[in-house]
There are 2 protein chains.
Amino acid sequence: MTAQPASRVTIKDVAARAGVSKGAVSLAFNHKPGLSEATRDRIFRAARELGWAPNLTARTLAGSRVDVVGLAICRPARMLGLEPFYMEFVSGVESVLTEHSCSLLLRLVRTVEEEAGLQETWWRGRQIGGSILVDFRADDPRVAVARRLGIPVVAVGHPSLTGGLTSVWTDDATAVTEAVRYLAALGHRRVARVGGAAALGHTSIRTAAFDEAAGALALAGAWQVATDFSGDAGARATRSLLTAAAADRPTAIVYDNDIMAVAGLAVAAEMGLRVPEDVSLLAWDDSQLCRLTHPTLSAMSHDVHGFGAEVARTLFGVIMGDGAGSHPVPTPVLTPRGSTAPPR
Amino acid sequence: MTAQPASRVTIKDVAARAGVSKGAVSLAFNHKPGLSEATRDRIFRAARELGWAPNLTARTLAGSRVDVVGLAICRPARMLGLEPFYMEFVSGVESVLTEHSCSLLLRLVRTVEEEAGLQETWWRGRQIGGSILVDFRADDPRVAVARRLGIPVVAVGHPSLTGGLTSVWTDDATAVTEAVRYLAALGHRRVARVGGAAALGHTSIRTAAFDEAAGALALAGAWQVATDFSGDAGARATRSLLTAAAADRPTAIVYDNDIMAVAGLAVAAEMGLRVPEDVSLLAWDDSQLCRLTHPTLSAMSHDVHGFGAEVARTLFGVIMGDGAGSHPVPTPVLTPRGSTAPPR
DNA sequence: AATGTTTTCTAAACCGGTAAAGTCCCAATC
DNA sequence: GATTGGGACTTTACCGGTTTAGAAAACATT
């Protein structure tokens, strides 16, 4: 990858034009003291006339800031395409980064180990000034890497998973409990949950909370299935849950994302079951998708965009040296729509 | 954004340990001739022992490659979250970038003008080695910027829109024609199209092709609506198309993406119309979503992942200096599923 | 007027690499 | 035996900024 020449304007040209030294230009552009207002003006004028902006690469190398934040996402490509969560999350992150004229370095990886290596490479190569870590699992190798190298990171996940790294998280356990209680309150006694990838930490948390809630409410039936978050998996899981005899099958199903809930809706239709009369469905994340189906999908709803923004804000805090600790964001709240109702 | 110290290993340390000069280490790591096998080995061993990897920032500054590719997407954040197309496209791009150990710099912008400025900043600041431009519109300002600065870019869009930049594109006109012909062949005489954003070049192309095809087939009715690609807009458009008296309303609707088609499906259900008996629906892009509805959605289907990969490959070509010109990728093909049938 | 203090600005040393030019040594050629 | 020609490295000059240690000038103090 060779870069074209393309007559670049450098700090030297600006300095020459303003009749000062390189150092002076640098001071001016970093708003540092030691220059008279007059020269400052002269420098900015010269820069404007030449259309110059500091070269970030050089600036980085010279050892000040790195205006890039890393984010690696570790899920099979095919699955990602469908997951509204990530794009929305990313757009929330970006909204804050942009204010700091900071960019996002995005990479899709296949395994956490690969990601751990990537983060190390990025950091050592001074490609990033900090990083966002998502999708924690038990004994996550990224914790050690971040700690060993002292990378400023924000871990998206419950503190119990993120090994003491600064974390931003939603209270999944409470949300699951609320979901189950709601369905029980509607009168459901046989409830199922179509969960996400078993390896993921937040899936375990939800699984445990579901068991707990089902136990506390003494539900007659409580099923849980792990999937890979894909619509296909959600469809399969739903199909297998609903093929039992009417008296034995769940009357309500909670999904771990909204794609699987949409798939579940289709499966119910395909099997001739009415939603919500024969079976209630409850989605998670609540992207716009939930309002585009018929019936509309009830969901555990949270502001994913705002979540991303909060993560980015927290990361800036970490980079600046403050703001470690644990930052909970609002718990997903139940948004009832057309897909949930009392069982017949 | 200040970076932590974190005792960095540099090329100098490796050189010292291997008992050679910095230059030798550089030669070894760039696989250039002029070193004996023995020294090469010694250098690599030393690097491994010290856990050293070349600092990309320094490498970039020194004027060789820039291992980063830019991509700015210009659509409202809320809409993006839902658009399966982009994530899938990005994942296709990444799959090729990764092979070249190259990263993607992603940014969401609000206007093309903003993007044009961003591309210029990126390029001048040597943040990127090349860029991918998407969503072309008439008189797109990015064409001039790319040309003036000599940025290696690949334009995703029909050559008529991309002002002579190297382009990768799908033949939307042919695909639209195929869609209309198919519906006509099923016996539909009143067909509508719920299109994307009117400002976008490929929307205009599809609009013109639809008119042309409808004319050629002498359809009794041919409606077109422009939207913003959102599910809500798709729902609204569908609702307004279907409220006409049965004898006057379209019996088939083509959508410009699959989100709107899903929304259309829900609207039909909500209005008590059966799909495909009362109205046929045809989606575009064909993400997994189309197979998760009931009935499943017929779609103009193409390999978005592969599309992204081809774009990345072409970009590498451009960066290397060859491979300019126009690169068509396969035309979307009709994939009939459950949402299309002859009209009653 | 001589002596501190600031303020303003410059020169030069980095940052961590790359690349072109230069040095050294040894085998081949005339 | 002097010349040529490589191969194997090293030297050195950047890349485009930041930063620190001064120097020069302006101002204040005694």
Side-chain angles (χ1 to χ4, degrees), chain A residues 1-43 46-47 50-67 121 123-127 129, chain B residues 1-43 46-47 50-67 121 123-127 129:
Chain A
M1 269 180 82
T2 327
Q4 262 72 348
S7 73
R8 299 179 185 285
V9 182
T10 76
I11 198 173
K12 214 190 294 182
D13 304 316
V14 178
R17 174 156 197 139
V20 296
S21 69
K22 293 198 309 172
V25 178
S26 176
L27 290 181
F29 265 77
N30 290 305
H31 301 102
K32 295 205 172 170
L35 287 182
S36 68
E37 269 316 307
T39 12
R40 221 173 268 279
D41 280 357
R42 208 142 33 82
I43 291 172
L50 293 169
W52 179 79
N55 176 328
L56 291 191
T57 305
R59 202 175 237 189
T60 298
L61 184 57
S64 51
R65 52 185 143 307
V66 181
D67 293 317
T121 306
W123 176 250
R124 300 185 93 122
R126 274 177 152 250
Q127 301 242 82
Chain B
M1 271 181 81
T2 328
Q4 262 70 348
S7 72
R8 300 181 182 285
V9 182
T10 76
I11 198 174
K12 214 190 293 180
D13 304 315
V14 177
R17 174 156 197 139
V20 297
S21 69
K22 294 198 309 173
V25 179
S26 176
L27 289 181
F29 266 77
N30 291 305
H31 300 103
K32 295 205 173 169
L35 288 182
S36 68
E37 268 317 306
T39 336
R40 222 174 267 277
D41 280 357
R42 209 143 31 84
I43 291 173
L50 293 169
W52 178 79
N55 177 327
L56 291 191
T57 306
R59 200 177 240 186
T60 298
L61 185 56
S64 53
R65 52 185 145 306
V66 181
D67 292 318
T121 306
W123 177 249
R124 299 184 93 122
R126 278 182 148 241
Q127 302 242 82

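In what follows, every chain begins at residue 1, and chains take the letters A, B, ... in the order their sequences are listed. All values below were derived from every heavy atom in this structure, side-chain atoms included, with hydrogens, water molecules and symmetry-related copies excluded. Keep in mind the model is a prediction, meaning the values are calculated, not measured.
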Separation of [N] [atom2] from [X] [atom1] (nearest whole Å):
X	N	atom1	atom2	answer
A/Asp67	D/dG17	CG	P	14 Å
A/Leu56	D/dG17	CG	P	10 Å
A/Glu37	C/dT8	CD	C1'	13 Å
B/Leu50	C/dG16	CG	C1'	15 Å
B/Arg126	D/dG16	CZ	C1'	10 Å
B/Ile43	D/dC9	CD1	P	8 Å
A/Leu61	C/dG16	CG	P	7 Å
A/Arg124	C/dG17	CZ	P	11 Å

Exercise for the section: Consider the side chain of B/Ala62, meaning its heavy atoms from C-beta on, and name the nucleotide among D/dG17, C/dT18, D/dA8 that approaches it most closely. Expected result: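 The answer is C/dT18.
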Practice task
Side chain of B/Ile11 only, please: which of C/dG17, C/dC9, D/dG17 is the nearest?
Solution key: C/dG17
With a 4.5 Å cut-off on side-chain heavy atoms, are [Y] and [X] touching?
X	Y	answer
A/Arg124	B/Val9	yes
B/Thr60	A/Gln127	no
B/Ile11	B/Arg59	no
B/Val14	B/Arg17	no

Practice task
May I have the step-by-step check of side chain to side chain contact (heavy atoms under 4.5 Å, CB included) for A/Asn55 and A/Thr10, ending in yes or no?
Solution key: CA-CA 8 Å; A/Asn55 176 328; A/Thr10 76; over 6 Å; no
Exercise for the section: Please work out if B/Thr39 contacts a base, only the sugar-phosphate, or nothing of the nucleic acid, heavy-atom cut-off 4.0 Å. Expected result: sugar-phosphate
Exercise for the section: Of all the heavy-atom pairs spanning A/Gly125 and B/Thr57, show the shortest one and how long it is. Expected result: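 The answer is O-OG1, 3.2 Å.
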Problem - Considering all heavy atoms, the nearest B/Trp123-B/Gly129 contact - result: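 Answer, listing the atom of B/Trp123 first, then B/Gly129: CZ3-O, 3.9 Å.
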Practice task
With a 4.0 Å heavy-atom cut-off, tell me which residues in residues 16-31 of chain A come close to DNA chain C, sorted by residue number.
Solution key: A/Gly19, A/Val20, A/Ser21, A/Ala24
Exercise for the section: Not counting sequence neighbours, which residues clear side-chain contact (heavy atoms from CB on, under 4.5 Å) with A/Leu27? List them please. Expected result: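 By the side-chain contact (heavy atoms from CB on, under 4.5 Å) rule, A/Leu27 matches A/Lys32, A/Leu35.
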Practice task
Might you work through the side chain to side chain contact (heavy atoms under 4.5 Å, CB included) test for A/Lys22 and A/Val25, ending with a clear yes or no?
Solution key: CA-CA 5 Å; A/Lys22 293 198 309 172; A/Val25 178; 5.8 Å; no
Practice task
Tell me whether the OP1 or OP2 atom of C/dC9 has a side-chain N or O from A/Ser36 closer than 4.0 Å.
Solution key: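 Yes, such a contact exists.
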Problem - Divergence of helical axes at both termini of the helix from C/dA1-D/dT30 to C/dC30-D/dG1 - five pairs an end, 10° steps - result: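 Answer rounded to 10°: the end axes differ by 60°.
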